[in-house]
Structure formats: C-alpha cells, structure tokens
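One structure is given here, and the rest of the page talks about it.
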2 protein chains.
Amino acid sequence: VVLQVTGKSIYGEDLYRPGMLYAVALYSAHAHARIVSIDISGALEAPGVVDVITAADVPFNRYGFTHQDQPVLAEDRVRYLGDALAVVAATELKAAREAVKRIKVQYEALPSVHHPLAAMDPGATAVHGDSNVAGHFTINRGDVDRGFASADIVIEESYATPKVEHCHLEPHVALAELEPDGKVVIWSSTSRPFAYAGHLGKVLKLPMTAFQIKTPAVGGGFGGKNRIVMEPWVALLAMRTGRPVKMTYTREEEFFASTVRHGYTMEYRTGLMKDGAIVARQVKIISDSGAYADQGETTLKKAAVHAAGPYNIPNIRVEAYLVYTNNIVGGAMRGFGVPQVCFACESHMDSLAARIGMDPAQFRLKNLFGEEAVIATGQRISSGPMRRTLEKALATAGPLEESSPGKRKGRGMACMFYPSGSTAQANPTAGVIKVSHDGTATVFVGAVDEGQGSNTVLAQIVAEELGIPFESVRMVTADTELTPYDAGTGASRVTYVAGNALKKAAARARAILAEAAAQLLGVDDTALITARNGRVFLSSDPGRFVEVAQAAWHSERVMGRPVVVTDSYNPSTTDFEEITGSGTPFEAYNFATQVADVEVDTETGEVDMNRVVAVHDCGRAINPMLVEGQVQGGVVMGMGYALTEEIWEERESGRVLNDSFTDYLVPIAANTPGRIDVVMLEEEVAKGPFGAKGVGEPTTLPTAPAVTNAIFAAVGVRIYDLPANPEKVLANLRARHKDD
Amino acid sequence: VVLQVTGKSIYGEDLYRPGMLYAVALYSAHAHARIVSIDISGALEAPGVVDVITAADVPFNRYGFTHQDQPVLAEDRVRYLGDALAVVAATELKAAREAVKRIKVQYEALPSVHHPLAAMDPGATAVHGDSNVAGHFTINRGDVDRGFASADIVIEESYATPKVEHCHLEPHVALAELEPDGKVVIWSSTSRPFAYAGHLGKVLKLPMTAFQIKTPAVGGGFGGKNRIVMEPWVALLAMRTGRPVKMTYTREEEFFASTVRHGYTMEYRTGLMKDGAIVARQVKIISDSGAYADQGETTLKKAAVHAAGPYNIPNIRVEAYLVYTNNIVGGAMRGFGVPQVCFACESHMDSLAARIGMDPAQFRLKNLFGEEAVIATGQRISSGPMRRTLEKALATAGPLEESSPGKRKGRGMACMFYPSGSTAQANPTAGVIKVSHDGTATVFVGAVDEGQGSNTVLAQIVAEELGIPFESVRMVTADTELTPYDAGTGASRVTYVAGNALKKAAARARAILAEAAAQLLGVDDTALITARNGRVFLSSDPGRFVEVAQAAWHSERVMGRPVVVTDSYNPSTTDFEEITGSGTPFEAYNFATQVADVEVDTETGEVDMNRVVAVHDCGRAINPMLVEGQVQGGVVMGMGYALTEEIWEERESGRVLNDSFTDYLVPIAANTPGRIDVVMLEEEVAKGPFGAKGVGEPTTLPTAPAVTNAIFAAVGVRIYDLPANPEKVLANLRARHKDD
C-alpha cells in the first residue's frame with residue numbers, strides 16, 4: 001500500500017525489456033461477417049514490423065469458461081466489432097499501429113442481431129450454431145403457481161439495467177518473454193493467473209506450466225481482468241520472434257474489446273397477502289451475452305440464486321436466459337449478475353410497498369430473513385445480521401434533512417445478501433508459509449491483490465495466527481509457478497477462502513515453533529505454549545518465552561526441521577440439481593442495507609446524492625480501514641450505476657459510441673456523495689478466518705436501488721431502467737405531471 | 001544441462017541491468033599493518049565514480065562461520081594482502097579500476113608471520129588476540145600409549161600438502177539490485193544462498209529476509225563459493241546509490257582474496273605387529289588458516305575424523321591445530337580437509353607396507369574395515385563396500401603393462417571413506433512440491449546446482465516417486481525467498497539430504513493423487529493404488545487408471561484440495577564430546593579405492609598418468625552418467641593435486657606469485673589421464689533416497705596418494721609433500737641415486 005501511494009508500484013505498463021516489441025491488434029470492421037481473406041503482406045513489409053499473426057498461427061483456436069466458443073483470433077467469421085483478426089508486433093508502438101492499417105481483409109457481411117429478445121426469436125440470425133439461447137437456468141422452490149393463486153394481490157413489473165464498463169484505471173496489459181529453457185513468462189494484469197495459464201495452455205497446446213503467469217502491481221480489476229485477452233497474442237509473438245512482446249489496451253479497447261457488465265432485462269411478478277406477506281415470486285431474467293458466452297452462464301446462476309432477494313418467500317421460480325447477440329461481450333463484474341437483480345428486486349420491493357401503502361422499511365422487515373433463512377435453492381443459511389443491518393441503517397440515518405430551495409429530497413433504501421466464494425464449484429486456495437530463522441514469515445499464495453489490499457489482509461491473518469508483527473510477513477503472490485493454486489481474485493472470496501487457507505497453514509507453522517520452544521523452555525506439552533508479538537511463550541507464564549526467531553532457528557538448525565508448511569481451504573458447496581436448481585451454492589453469506597438520501601432538481605432532473613448510510617455485515621473486519629475503503633468505493637461505483645453510467649451501443653452494429661471517459665460518465669472525486677456513513681456490523685462468522693467474510697462486491701449492490709427508491713420518495717418517479725440520468729428523470733417528471 | 005551445453009545458461013557475468021554500476025575493491029599493500037588513514041576523496045572525484053565505501057560504512061563489521069573474526073572491509077588493521085579496504089562503484093568497470101588507484105592509504109607496517117609452526121610459537125606476532133592457535137581438536141579412541149607400547153614396530157613419518165585453488169572456471173560474481181519495497185535482491189554465484197543471507201543480515205544489521213539471494217547458473221564451486229565475498233559490498237553500494245551494482249572477481253582475486261584449500265602438515269605415527277596388524281595410530285595435523293578462521297575449524301574436524309583411514313585400529317589419537325598466519329585464507333574445498341589426510345594416511349600405509357615387506361594391497365586388506373567398523377569417534381558404521389572397492393579395483397586393473405623405453409612404470413593404490421552430509425550438525429533440506437493439473441510437478445528446493453547436475457538428480461527422484469516423466473518436473477532452486485531452507489551445496493549432501501527431503505515430499509503428493517484417483521476409480525483403499533509413467537492406477541489391474549493430470553485436476557477442482565506438499569530431511573548426527581571427540585558426526589559413509597598406473601621419466605622427473613581405476617561406492621546411482629562425470633572430474637582434480645597444483649606464496653609477505661592459469665598448473669583436457677575406468681559399486685544404502693549416497697567429494701580423495709604410491713612403486717621415490725612435480729621427482733631420484 002505504501003508503494004501505491006508513493007508511486008513506487010511497478011504496474012504492467014512500467015515494465016520494459018531491452019529489445020521489446022509492441023503489439024497492436026486489428027479488429028473487425030463488421031458486427032457479423034464471413035472472412036473471405038486476410039492479406040498481411042503489407043503489414044509485414046511496414047517499417048519496424050517484426051511479425052504478424054492471424055488465426056492460422058493459433059494452435060487451438062477455441063476457449064471459454066463454459067462454452068468454448070471464443071477464438072483467439074477470428075478465423076472464418078467475425079461475430080462483433082471486438083473480434084480481433086490479426087496482431088502486429090513492431091519495434092515501436094507507432095509502427096505497429098501504422099502497420100495494422102495495411103492489413104487487407106475481405107469480408108462478406110452477414111445480417112447481425114443486437115437485441116436479446118429479437119435474438120431469441122427462432123428465425124433470428126444465429127451468432128453460433130442454431131440458437132442464440134446460450135444458456136437456460138431455472139430455480140424452483142415450493143409451488144409458485146399455487147402461491148400466486150393464494151395471493152391477495154399479484155403485481156408484475158419490468159426492469160432493465162445497462163451494460164457498464166469496469167473502468168479499472170489501469171487497462172489490460174501483458175508482457176511475454178522467453179526464458180532460456182523455453183518457458184514463456186507472461187506478466188499480466190490479471191485477477192486470475194491460474195485460469196489464464198489453463199486457457200493459454202489450451203489455446204497454445206502446451207502444458208499450463210509451459211507458462212509462468214506473473215502479476216505486476218494490478219491497477220484495479222472488478223472482474224474485468226478475469227479472462228485472457230492479449231495474453232495468447234503476446235505469448236505467440238514472443239515464442240515466434242524470441243523477443244519480449246508487450247501490449248497495452250487503449251481505453252477504447254477496454255470498452256469494445258474486453259468484457260462489460262451484462263445488460264439484463266428482468267420481469268418481476270410477486271404475490272402478496274394484504275398484510276404485506278409475500279407468498280410467491282417469479283423472476284425472468286434475460287441476459288445479453290454479446291458475441292460469446294464468457295462468464296455469462298455463471299453470472300446468471302449467481303443472479304438467479306439472489307434474484308428473489310433476502311426475503312422469506314415460500315414459492316419461488318426463477319428463469320434465466322443467456323442470449324447471444326452481435327454485441328460487446330458481457331463478463332464478470334463486481335457483483336457478478338447480482339447488481340442487476342438487486343436493482344430490480346429492491347425497486348420492485350419499494351414499488352410493492354407503495355402499491356399496498358406500507359412503509360418500505362416495515363414492508364421489508366415483514367418479509368426479511370430472520371436469524372435463519374431458506375434461500376431459493378433450498379439452502380438453509382444463518383442470516384441473523386440481515387435485519388440488524390436494516391435496523392442499524394435506519395437508526396444511523398436519523399431524520400431526513402429539509403430540501404434545498406427548488407429541490408425535492410427523498411430517502412430510499414435497499415437490502416441485499418451475497419456470498420463469499422464462487423458459485424457451486426470447488427474454488428480452493430492453497431498456501432505455503434515459510435518461517436525463516438530471523439522470525440519472519442514468507443507467504444506463498446496465488447491470490448491477486450488488485451489494489452483492494454488483500455495482501456495486507458492476508459499478511460495480517462498470518463501475522464495474527466503466527467504471533468509475529470505484521471511487518472514480519474512477506475507476501476509472494478499471484479504467480480502460477482511460484483505460488484500454489486488459487487481460484488482467482490473475485491467472488492469476494494480472497495479474505496474468506498485464501499484467509500482460511502493461510503490461517504490453517506499458519507497454525508501448522510505455529511505448532512512447529514511451539515515444539516521447538518517447548519524443547520528450549522523445557523516444557524513437555526506444546527499445548528501449554530502460545531505465540532504473540534514475535535514471542536513463543538508459556539500461556540501460564542508469559543515471562544518464560546523464546547523469540548519466534550529463536551524457535552525457528554532451533555527447529556531448523558538444531559532439530560533439523562525447517563519451518564515450512566502448507567494447507568488449503570475450499571468452501572463446502574454443492575452443484576445445482578438439474579431440474580429444481582436446488583443446492584448449496586455458497587458456504588457463507590453477507591448481508592447489507594444501504595439508505596440513500598437524494599435531492600432531485602425538478603427543473604433539470606439532476607439528482608444529488610447527499611448521503612449514503614451503508615451498513616455492511618463483514619464478519620470480523622480484519623482491516624477496518626480497507627473495509628471502509630471497499631464500502632466507499634462500492635457506493636461510488638453504485639452511484640455511477642444509478643445515475644450516469646451506460647454504454648451506448650449503436651443499434652444496427654453494436655458499436656460503442658461512448659468509448660472514452662469524456663462520454664462515458666464514471667463518477668470522479670468531484671461528484672461522489674456528499675457523505676458516506678460506513679457502518680461495519682461485525683458479527684463473526686463461524687467458518688471465516690477470525691470470523692471474517694469477504695466484503696468487496698456487496699458494497700456496490702444496494703446503492704443503485706437505494707438511490708432510485710430515494711428518487712421515487714422525492715418526486716414520485718419510479719426508474720425502471722438504469723441509469724437515472726437527468727434526461728430520464730426529467731422526462732419521467734414531465735410525464736408524471738402530464739398524467740396529473 | 002541442455003542449457004549448459006548449448007550455451008544458453010545465464011551465468012552471473014551475463015546479467016545486465018540498465019544503469020548498473022561496476023564495483024572494484026582496493027586491497028591491502030601489506031601482509032600486516034595498522035591502518036592510519038584512508039583518503040577516498042580522490043576516488044570520489046574520479047570520472048564515472050558514483051560511490052566509494054570503507055569500513056566506516058559497514059553497519060556491523062564482523063562475520064565468520066565459527067570465529068566471527070573477519071571484517072567486511074578492513075577497519076584499523078590489515079592481516080593479509082587479501083584484506084579489502086575500500087570498494088568503488090562506477091558507471092564503467094575501467095573507471096572503477098582507475099579510481100581505486102586514487103585512494104590513499106597510510107599504513108604503519110607490523111611484523112607478519114607466514115609459517116604456521118612459527119606462528120604457534122608463544123612469542124610470535126599475533127594475527128588476532130593473543131595466540132595464533134585458532135582451534136584445537138582432539139579425538140581419542142582406546143589407549144594410544146598402551147597401543148604403541150604393545151607394538152612390534154612403530155613408524156613415524158611427516159607429510160605436507162600445498163594450498164591449492166578451486167579453479168572453478170566461473171569466478172565469484174554478484175549483482176545487487178533494490179526492489180521498490182526496499183528488498184535487496186542479490187544474484188550471487190554461490191553454493192550456499194541461505195548462509196549468505198544469514199551473514200549479510202548480520203553485517204548489514206537487517207533481517208536475513210531483507211535480502212533475497214538468488215543464483216544464476218553457477219559455473220562450478222567446489223567449496224570456493226561457500227562464504228560471502230563481494231556480496232556485502234554490492235548490497236551496500238546498491239542500497240546507497242539506489243542503482244544495481246555488479247562485481248566480478250578477476251582470476252587474480254580468486255587466488256589471493258578468496259579461500260583456498262588449507263595447507264596441512266601432518267605427522268603420522270603407527271604401531272604395527274609383525275603380521276601387519278595396526279595396533280595404534282597417532283596423527284598430528286597443523287592447518288594454516290591464513291588470516292581468518294573461515295571454515296578452518298570445521299574442515300579440521302572432518303579431517304580428524306578421517307585421519308586414521310578406513311582401518312580397524314583399536315587405539316587412535318588425533319590432534320589437530322588450526323593456526324592463524326598472515327597468509328591467504330583457507331576454506332572449504334572438495335573433500336573438506338580429507339584430501340590432505342587421505343594423501344598422508346594412504347602414503348603412510350604404503351610406506352608401512354614397504355617397511356614390513358608386505359604387498360600394499362594385502363597390508364590394507366589385513367587392516368581394512370569389514371562389513372561393520374568402528375571409526376575413530378567410536379561410531380559404529382556399515383562399511384561392507386570398503387573391501388569390495390579394493391578387490392574390484394585390483395581385479396579391474398589387471399596386470400600392469402610394460403614400461404615405455406626410458407621410463408619406469410608403477411602401480412599405486414589408495415582407499416578412502418567419506419560421509420554424505422555436514423559435520424556433526426543439523427544440516428537439513430526442506431522441499432515443497434506442487435503438482436499442477438497438467439500433471440507436472442514444480443519443485444522448490446534451496447540446493448544449488450553448481451554445474452554438477454544436482455537439479456537433474458533431484459528431478460529424477462521426484463519423477464520416480466511421483467510416477468511422472470522426468471520432463472514433467474520443473475525445478476525452482478536456490479533462492480532464499482522462494483525456496484525453503486537448505487544447508488547448502490557441499491559435503492556431498494545434496495543427493496542424499498535434499499534427495500531424501502524431496503522423496504518424502506513426493507510421497508505425500510502421491511498419496512493425495514491416490515486419494516483423488518481412488519475416488520475417480522471407485523476404489524476405497526488408496527493403498528491399492530500406485531503411480532508410474534504419468535498414470536495413477538490400481539496395482540492389481542494397471543488397466544484401471546487415471547492420468548496424473550486427471551487426478552491432480554480432480555483433487556484441485558472437484559475435491560477442492562490443490563496438490564501442494566512439503567517435507568524435510570536431516571541426517572541424524574550428534575556433536576563431538578568435548579574431551580574424547582566421540583560422536584556420530586555423520587549418518588552415511590561412502591567408500592572407494594583408486595588404483596593408478598603411472599610412468600616416470602627418469603631423465604626429466606615427469607610423471608605420466610597412464611590409467612586410473614576408480615571404484616566408488618555411491619549407493620544406487622540415480623544418474624550413472626553424472627556419477628561417472630563426477631568420478632572423472634574428481635580424478636582429474638586429484639591429478640592436479642598429485643602432480644602440478646600448488647600456490648606459491650612469497651615467504652616474507654604471503655603474496656601469491658602464481659595467480660594465473662599461466663603459472664598455476666591446473667590440468668587441462670590435453671593432460672588428463674590416458675584412461676579412467678570408472679566402476680560404480682552400487683550397494684544401496686538403507687537411508688538414502690532410492691538407496692543413493694553423495695559422490696561428489698570422495699572421487700578426488702584417493703587419486704593423489706594412489707599416484708604418489710605408484711611413483712614409489714615405479715622408481716622407489718616416496719613423495720612426502722605434494723605436488724610430485726618433475727623438479728621434485730627428479731631431485732628425489734638424484735638423491736636416491738646418491739644414496740645408492
């Protein structure tokens with residue numbers, strides 16, 4: 001962290017190697033076309049050009065998380081404007097850019113499809129195979145039809161969310177270089193080095209250990225650095241030329257060639273009793289996957305699990321569809337499908353409360369998870385903190401302040417539940433810890449610190465368990481050769497999963513140190529020995545101690561047993577059952593409520609976010625400052641989702657029209673909320689390391705619906721599709737006045 | 001290995017960093033003097049100079065293995081011509097060399113002492129403290145005085161060995177560079193990275209983990225790269241300047257500033273019965289330590305343990321003295337004190353046989369270790385192969401060929417025993433093994449491959465134990481941050497100790513793979529499962545198998561248990577008892593006999609080595625080609641020791657007069673023995689990995705005495721001090737003719 005704030009961190013773009021080449025890609029000129037021919041001869045002859053690759057040079061031109069539908073370089077067909085056809089490597093970046101223009105491609109244009117509903121039409125142009133339905137997933141709990149039949153009131157609404165970009169400040173970057181033995185070292189700005197090595201191995205037809213994926217400092221990810229992009233290109237070019245090859249995405253490429261958060265359309269239908277009890281809920285989700293499936297299916301499953309919200313609903317049906325289009329590709333992004341359904345569900349809840357004339361908080365409390373709850377998949381979970389986040393949020397918020405002149409103030413709220421760890425699959429982390437005889441620990445763990453501070457948290461966990469100062473822990477992380485397997489940074493899993501793995505390993509190391517200390521202290525029973533502040537001592541008599549360094553030295557140099565240990569952790573989950581979608585997709589869940597106070601300018605439609613109260617159950621906060629930072633960042637990201645962010649795709653081509661920070665409005669420091677009250681509800685979770693859970697993604701989930709609910713409270717305008725930008729708010733205000 | 005023969009290995013001298021500085025040291029002009037003042041101002045102003053350090057810049061200016069007597073840079077006194085006083089860092093090597101000349105040192109000369117016997121005189125000038133006796137070590141077995149009293153004959157002889165240089169083709173080299181977080185990375189051509197980190201931490205007053213010692217390819221060591229030399233200098237300069245700093249020793253510095261093999265003078269007194277049975281042996285060893293103790297004490301202990309030779313002698317006394325002089329410093333070198341005593345003991349044995357008129361082989365067999373033996377320290381050892389190496393060597397040698405005209409042919413022999421592992425102290429190695437889901441293993445081990453091929457052998461051991469192809473093993477070695485503790489490459493310990501550690505770890509990994517395979521194959525009992533050739537299968541039905549890759553994937557991705565394991569090995573030894581020198585200094589011993597056929601030119605005194613038969617007990621030869629290479633190399637090194645190698649020190653100053661390969665005659669390819677018959681006596685040792693023992697050092701021990709014994713057999717000249725160069729042989733021949 002000190003390195004980051006003092007500017008000493010070495011990011012991917014800082015890497016330089018003598019003789020390094022620069023790579024630039026040529027992208028499709030069509031949203032959908034057959035490739036008739038590619039002529040690279042002009043580029044090869046261009047000044048400074050050393051190599052050009054096309055699909056013909058890719059050993060196995062197919063990859064993907066679930067669908068294996070994506071080529072490394074487009075072969076016979078382009079499916080969206082982000083499909084790359086060729087990559088040039090030249091001695092200068094400028095030369096590579098110029099050379100790309102000399103590549104001649106002959107296309108045969110095909111009809112393209114850009115709206116997911118249209119794409120689902122049986123007669124629609126197929127992006128892949130016969131049907132554009134790339135995935136279909138159902139969850140059934142109880143009997144939703146009988147539930148609706150028994151309801152006093154049934155209300156149905158539709159919501160939609162836009163595609164948004166991750167906007168990690170550091171774009172994707174990778175540098176590939178060959179070692180003398182032929183190993184390809186790839187420095188990549190990634191969140192999932194092991195997944196990258198697996199995918200690289202597949203497409204380049206080599207064992208994954210033919211590659212060493214290393215991470216320099218990573219300047220943000222938010223799920224956007226989850227899958228290979230330029231890595232196979234630079235690897236291939238380095239292997240062909242024998243020279244280091246580097247590529248950095250432009251901001252434009254971040255928008256049109258890498259993934260974005262999926263746009264969802266969501267139909268919510270809820271059956272209520274007159275007292276406000278929800279008896280049935282049906283949700284239909286349609287996700288625009290774009291040209292490839294990427295993580296569309298896994299995000300959709302996570303969305304489906306959480307779609308009905310943190311409410312006791314006996315009868316639930318969720319139906320989710322992933323649909324191919326010729327658009328930009330949706331992928332993992334902070335919240336992994338749940339920001340979309342959280343917006344829809346919590347707006348819908350607010351709307352239901354209004355329709356039946358109940359206070360939104362009371363309506364939620366009526367249905368909210370209690371100490372225990374059964375979620376849509378049938379899993380019984382501990383959910384005690386859920387209600388307390390809502391109660392705490394309301395208590396913290398206090399009375400709403402008066403509006404400024406010409407503006408209307410309103411308060412909204414939203415609840416959420418969200419898990420730590422990946423969906424219904426083994427997602428282990430293993431760690432190795434070495435205690436040197438200077439009393440320091442070196443930790444080997446595959447997790448990536450993307451800037452969120454996970455290295456700090458993991459080092460704290462090891463220090464605490466080993467009883468040594470935080471400064472005595474050195475982290476070696478995120479390197480597919482040097483660190484053991486880790487499922488990647490994502491799914492708010494690092495503190496929980498990697499933290500547990502390292503806590504277990506540290507306990508093993510402590511046991512070895514205790515044996516050495518017992519010998520030095522003349523004690524038989526190591527159970528009597530504990531460690532803290534760099535000392536290993538008798539619990540009953542802290543004056544009898546040895547330094548951790550002495551114990552480590554004694555173990556290594558006298559007993560002949562160097563202190564090096566390993567352990568791993570994997571949340572216990574089960575996969576979904578085929579028909580019902582039942583299962584235990586996650587081991588531990590987080591809960592949160594956010595309350596937003598906004599002020600709407602009824603003249604301009606502009607919404608000021610005066611204040612957000614964010615109450616998050618994070619288990620034990622290992623590092624409260626980092627948790628607070630996560631919440632602040634999550635709220636600001638949620639604010640962008642609520643009010644300004646939206647990728648504009650040209651209707652006929654899917655072309656991104658606002659592919660820069662000039663036109664795409666991500667919140668900047670100047671327009672963050674006036675005040676963010678972060679409240680950590682520290683209720684320790686039994687299985688978490690020191691009671692901790694992950695907190696990264698949940699922080700952004702409730703913000704957007706809290707804001708739009710606050711807009712409704714302020715001016716009576718219900719926003720059904722994000723963002724609630726001034727044009728939309730104003731148009732709704734005017735429409736509402738017309739109605740009046 | 002492929003990298004070495006194709007020239008792709010990156011050695012220290014190949015390392016280059018942008019902005020790198022070059023360091024050059026200023027050495028003492030006196031063998032012994034007080035330093036009155038050092039003026040570096042002229043050097044600091046010289047072109048290209050960035051920094052100059054002296055003793056004043058060293059945080060803690062004392063280090064050493066046992067004596068803590070050596071300064072990083074001489075402070076108030078210089079004790080030999082190899083003491084450095086200042087180090088210059090400049091942008092060019094030439095500039096640094098020029099600048100060194102501008103440093104002005106005022107000395108006050110002190111009397112110096114250069115002969116160890118003179119140095120032992122109570123009135124001698126003291127190099128350190130009051131006495132020049134830096135160490136004294138005794139072993140007593142039985143009652144040596146009573147033994148001599150009971151003997152029919154008592155014979156006493158004196159032997160001496162010269163100082164010789166390691167002559168690793170790659171000189172010492174180190175490059176230090178700072179990481180952004182302040183860690184100092186030092187690429188060093190060392191055999192013992194962990195010892196380096198410890199010493200660096202001490203002299204720079206930082207935790208050892210403030211440094212990361214990494215090894216590039218190492219071009220030979222032979223014990224010469226066992227202790228820090230320029231590492232503290234380049235580290236300090238890098239920390240001060242913030243720039244990478246590199247230093248490479250010149251060949252001259254290798255001779256006068258780094259360590260050499262100690263010169264020993266040895267008195268052997270043996271009591272015999274008429275039938276040839278040895279009843280008592282007394283050995284007195286005096287070792288010239290030079291200006292510092294370095295590893296003089298530990299080498300002397302190893303020499304003392306082996307001084308009486310592999311013979312059943314009921315009464316033994318060994319007295320050994322380490323003596324400071326103002327000479328070049330003795331240190332570790334292949335054989336660690338034992339080449340000296342092996343030469344003396346085996347020459348003495350030959351001489352005894354001649355004096356009592358017995359055949360040298362018969363005399364040895366009369367006294368040689370049997371299936372079991374008790375060595376001088378009282379340790380009972382398994383020694384079955386000892387006799388068989390002698391018998392096999394004689395059988396292999398066959399009849400001696402006829403001499404060429406004008407030359408006289410003779411055959412000599414020598415036996416030896418020598419252990420695998422360090423002397424009487426914990427010397428563990430720990431390893432970490434990770435099995436990736438492509439079925440490959442990555443091995444983390446601290447041992448250094450100095451060119452002898454230990455990485456190959458260790459990879460073979462892991463491959464065999466895991467049941468995967470050799471090509472599927474990747475080695476990450478010799479890095480104080482990335483690999484767990486290892487006591488260093490030396491003491492012929494790597495195959496035995498590191499091999500055992502990795503074999504144990506690999507067995508753990510195999511057990512995890514077996515659990516995964518059992519689940520996949522539907523088998524309950526993992527004991528029924530074995531692994532070979534990349535497959536994990538049912539022992540009873542090899543057709544029922546899964547690939548190691550599948551098992552690893554299943555364990556990691558389905559069972560959630562990434563395959564990463566650790567284990568360690570430490571030979572069980574005890575320290576010497578204070579008075580008697582009793583103890584179990586080593587766990588496993590090797591045995592060997594070499595027979596040399598030489599031809600002596602009686603006109604010139606030149607000795608041709610026609611043939612060596614080298615029979616070495618190496619346990620199971622993991623890699624026979626590497627064992628054969630070790631034996632060939634050891635024999636050639638022994639040939640240099642026997643015939644040509646000797647550092648000439650100027651009597652009044654200790655100045656090395658032959659500090660180049662022009663004047664110092666190390667054998668080159670053109671004058672290796674005419675024929676070397678390598679015979680591996682593969683008797684598996686119970687505790688060795690797959691029955692293997694170390695073989696590196698033993699190979700060179702018997703060569704010199706076998707050669708000098710052959711000279712005696714040829715021309716009746718006994719060589720009491722090495723080398724048997726033509727001048728010495730001729731002078732002896734002439735003296736003998738005069739006597740006749």
Side-chain angles (χ1 to χ4, degrees), chain A residues 2-3 6 8-10 16 18 179-181 183 194 197-198 201 206-210 217 425-432 434 436-442 444 446 472 474 476 480-487 549 556-573, chain B residues 2-3 6 8-10 16 18 179-181 183 194 197-198 201 206-210 217 425-432 434 436-442 444 446 472 474 476 480-487 549 556-573:
Chain A
V2 171
L3 296 178
T6 55
K8 285 185 184 168
S9 290
I10 303 293
Y16 169 82
E179 301 254 303
D181 64 359
K183 182 177 71 178
F194 287 89
L206 289 166
M208 64 169 276
T209 47
Q425 59 190 5
N427 65 118
T429 295
V432 172
K434 175 176 73 157
S436 296
H437 58 243
D438 59 0
T440 64
T442 309
F444 300 80
S472 296
R474 174 174 287 284
V476 176
T480 57
E481 179 165 301
L482 302 180
T483 62
Y485 181 77
D486 169 75
E556 176 180 301
R557 299 297 177 91
V558 180
M559 299 169 76
R561 185 179 179 190
V563 187
V564 56
V565 295
T566 176
D567 213 326
S568 63
Y569 190 78
N570 182 48
S572 59
T573 58
Chain B
V2 171
L3 295 179
T6 55
K8 285 186 184 168
S9 289
I10 303 294
Y16 169 81
E179 301 254 302
D181 65 358
K183 181 177 72 178
F194 287 89
L206 289 166
M208 65 170 274
T209 47
Q425 59 189 7
N427 65 116
T429 295
V432 173
K434 175 176 75 158
S436 297
H437 57 242
D438 59 0
T440 65
T442 309
F444 299 80
S472 296
R474 174 174 286 283
V476 176
T480 57
E481 180 165 301
L482 301 180
T483 63
Y485 180 76
D486 168 76
E556 176 180 301
R557 299 297 176 90
V558 180
M559 299 169 77
R561 187 179 179 191
V563 187
V564 56
V565 295
T566 177
D567 213 326
S568 64
Y569 189 78
N570 182 49
S572 58
T573 58

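What you see is a predicted model; the values in this text were computed from it and never measured. Throughout, protein chains are lettered first and strands after them, A, B, ... in sequence-line order, and every chain is numbered starting at 1.
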Check your understanding: For B/T442, is it the side chain, the backbone, both, or neither that has a heavy atom closer than 4.5 Å to a heavy atom of chain A?
Key -> side chain
Exercise for review: Evaluate the side-chain proximity of A/R474 to B/D181: yes if any heavy-atom separation is below 4.5 Å, no if none is.
Suggested key: yes
Review point. Under a 4.5 Å cut-off applied to non-hydrogen side-chain atoms, are A/Y485 and B/V563 in contact?
Key: no
Review point. Do B/T566 and A/V432 pass the side-chain contact (heavy atoms from CB on, under 4.5 Å) test, and can you show the C-alpha distance, the side-chain angles, and the key distance before you say yes or no?
Key: CA-CA 9 Å; B/T566 177; A/V432 172; 6.0 Å; no
Review point. With chain B, which of A/T483, A/I10, A/D567 has the greatest number of heavy-atom pairs at distances under 4.5 Å?
Key: A/T483
Exercise for review: Taking all non-hydrogen atoms of both residues into account, name the closest pair between B/L3 and A/P180 and its distance.
Suggested key: CD2-O, 3.5 Å
**Study point:** Residues which pass side chain to side chain contact (heavy atoms under 4.5 Å, CB included) with A/N427, listed by chain and number, not counting sequence neighbours
**Key:** A/S422, A/A487, A/R493, A/V497, A/N570, A/P571
Check your understanding: When rounded to the nearest 0.5 angstrom, what is the spacing between CZ in A/F444 and NZ in B/K434?
Key -> 11.0 Å
Study note, to complete from the structure: Closest non-hydrogen contact found for A/G560 with B/S568 is O-OG, 4.3 Å
Revision key, fill the gap. So, the part of A/S436 with a heavy atom under 4.5 Å from chain B: the answer is side chain
Review point. Which bit of A/S472 comes within less than 4.5 Å of chain B, counting heavy atoms only: side chain, backbone, both or neither?
Key: neither
Check your understanding: B/V558, B/T209, B/T480, B/T429: which one forms the most heavy-atom pairs within less than 4.5 Å of chain A?
Key -> B/T209
Review point. Relative to chain B, which segment of A/V564 carries a heavy atom at a distance below 4.5 Å: side chain, backbone, both, or neither?
Key: both
Study note, to complete from the structure: In terms of heavy-atom pairs under 4.5 Å with chain A, the winner among B/P484, B/P562, B/A197 is B/P562
Study note, to complete from the structure: Answer key: most heavy-atom pairs under 4.5 Å with chain A among B/A426, B/A549, B/G431 is B/A426
Exercise for review: Quick one: which of A/L482, A/D486, A/V565 has the most heavy-atom pairs under 4.5 Å with chain B, could you say?
Suggested key: A/L482
Review point. So which of A/P18, A/P428, A/S572, A/A430 has the largest heavy-atom pair count under 4.5 angstrom toward chain B?
Key: A/P428
Exercise for review: Not counting sequence neighbours, which residues clear side chain to side chain donor-acceptor pair (under 3.5 Å) with A/E481? List them please.
Suggested key: A/K183
